[in-house]
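The block underneath contains the structure these notes are about, expressed in structure tokens.
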Amino acid sequence: MAVYNTSARNHVWLAWFVLQVPIIVLIDGLDYFFPSSMYEPAGAPLHFAYNIKQDYVATYNDPIGQWSPETASGHDSWMGLFLYLEFAFILPAVLYAVFQLGVMRRGTSGATELLLLLYGFETALTTLVCIHDVAYWDPAAYSPEVKRTLTFQLFGPWFAIPFLMSIDMACRILARFKAADAVLASKKGQ
């Protein structure tokens with residue numbers, strides 16, 4: 001029988017995951033999950049998501065946000081891998097976390113903590129690569145102010161929150177190991 005951790009931090013993580021679902025599906029996955037007839041025409045049901053993405057691109061000219069296999073220029077070929085990871089691993093992990101923390105409301109088991117540790121590490125690492133890439137963008141096209149905004153206000157939280165989550169999950173898993181070791185030690189002492 002699984003032992004569940006019902007830490008108050010689970011509410012923070014649940015809020016984070018609930019925020020992520022529409023961003024992954026409607027912003028990052030818009031071009032991949034839906035036909036253009038669902039979002040490009042003015043009366044289309046997902047036109048609002050298309051407008052959000054277009055406003056973001058117009059404001060920041062973010063090449064990461066505009067990436068597609070057709071626009072790949074060689075140096076950013078890693079972005080395709082990151083999108084595959086986002087759709088094949090991150091999205092299912094986020095949906096599972098919403099189910100476990102929000103629907104089932106029973107906290108995290110050891111298996112869930114391991115999954116969220118991997119989620120946090122992968123999300124933090126891939127976002128850190130994006131942050132690092134910003135430093136190399138052409139200064140003629142991207143002002144220091146735009147680079148700071150992208151780094152600290154847009155990409156920064158997508159690095160920091162999953163990183164903190166991975167630390168939290170690692171500490172929970174370590175506590176489980178210590179508890180198991182204590183039980184084994186007490187049985188040997190009998």
Side-chain angles (χ1 to χ4, degrees), residues 10-105 108 111-112 114-134 137 146 149-151 153-166 169:
N10 288 350
H11 298 294
V12 174
W13 305 143
L14 175 60
W16 172 255
F17 290 127
V18 167
L19 171 71
Q20 255 201 311
V21 172
I23 291 173
I24 292 172
V25 174
L26 296 176
I27 305 301
D28 295 348
L30 188 66
D31 305 336
Y32 301 94
F33 294 145
F34 305 101
S36 60
S37 61
M38 292 282 293
Y39 59 84
E40 282 185 3
L46 298 176
H47 189 68
F48 73 94
Y50 178 75
N51 282 340
I52 291 170
K53 189 169 185 174
Q54 294 306 309
D55 287 345
Y56 172 78
V57 168
T59 303
Y60 300 107
N61 192 27
D62 177 2
I64 295 170
Q66 299 175 65
W67 188 92
S68 72
E70 295 79 31
T71 63
S73 62
H75 91 281
D76 60 356
S77 60
W78 48 267
M79 192 58 206
L81 173 63
F82 287 6
L83 285 172
Y84 289 128
L85 284 170
E86 184 173 25
F87 302 147
F89 173 69
I90 297 299
L91 181 58
V94 166
L95 292 173
Y96 178 79
V98 169
F99 177 74
Q100 286 296 317
L101 299 174
V103 176
M104 298 302 290
R105 296 178 187 228
T108 56
T112 301
L114 181 59
L115 174 67
L116 298 184
L117 170 67
L118 293 172
Y119 156 85
F121 180 76
E122 190 279 336
T123 303
L125 180 64
T126 54
T127 304
L128 186 60
V129 170
C130 295
I131 290 170
H132 180 74
D133 190 54
V134 169
W137 292 354
V146 167
T149 299
L150 285 165
T151 298
Q153 293 177 13
L154 298 172
F155 294 148
W158 291 92
F159 166 75
I161 294 170
F163 181 72
L164 293 172
M165 181 186 301
S166 65
M169 295 303 145

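Asn51 pairs by the side chain to side chain donor-acceptor pair (under 3.5 Å) definition with His47, not counting sequence neighbours. In this view, Gln66 and Asn61 satisfy the side chain to side chain donor-acceptor pair (under 3.5 Å) rule, not counting sequence neighbours. Residues satisfying the side-chain contact (heavy atoms from CB on, under 4.5 Å) test with Ser166, not counting sequence neighbours, are Leu117, Phe163. By the side-chain contact (heavy atoms from CB on, under 4.5 Å) test, Glu40 is found to be paired with Ser36, Tyr50, residues two or more places apart in sequence or in another chain being considered. Applying the side chain to side chain donor-acceptor pair (under 3.5 Å) criterion to Tyr32, with sequence neighbours excluded, gives no partner residue.
Annotation: side chain of Phe33 is not in contact with side chain of Leu46 (no heavy-atom distance under 4.5 Å). Taking 4.5 Å as the limit, some side-chain heavy atom of Phe34 sits within range of a side-chain heavy atom of Leu26. Here the side chains of Thr108 and Trp13 are not in contact, with every heavy-atom distance at 4.5 Å or above. Under the 4.5 Å side-chain criterion, counting only non-hydrogen atoms from C-beta, Pro162 is in contact with Trp16.
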Contacts table for residues 83-105: side-chain donor-acceptor under 3.5 angstrom, sequence neighbours left out:
residue : atom : partner : partner atom : Å
Tyr96   : OH   : Thr112  : OG1          : 3.4
Arg105  : NE   : Gly102  : O            : 3.0

- [ ] Please step through side chain to side chain contact (heavy atoms under 4.5 Å, CB included) for the pair Ile27 and Tyr56, ending with a clear verdict.
- [x] CA-CA 10 Å; Ile27 305 301; Tyr56 172 78; over 6 Å; no

Task: Candidate pair Phe17 and Leu116, rule side chain to side chain contact (heavy atoms under 4.5 Å, CB included), full reasoning - done: CA-CA 11 Å; Phe17 290 127; Leu116 298 184; 3.7 Å; yes

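With rounding to the nearest 0.5 angstrom, the NE2 atom of His132 is 11.5 Å from the OG1 atom of Thr151. Atom CZ of Phe121 and atom CE of Met169 lie 16.0 Å apart (nearest 0.5 Å). With rounding to the nearest 0.5 angstrom, the CZ atom of Phe155 is 8.0 Å from the OG1 atom of Thr127. Distance check, rounded to the nearest 0.5 Å: CG of Leu30 to CD1 of Ile23 gives 13.5 Å.
Screening Asp62, Asp31, Asp28 against Lys53 for a salt bridge (charged side-chain N to carboxylate O under 4.0 Å, His left out) leaves a single residue, Asp31.
Thr126 places a side-chain N or O within 3.5 Å of a backbone atom of Thr123 that can act as its donor or acceptor partner.
The two residues Thr149 and Tyr60 come nearest to each other via the heavy atoms CG2-CE2, 3.6 Å.
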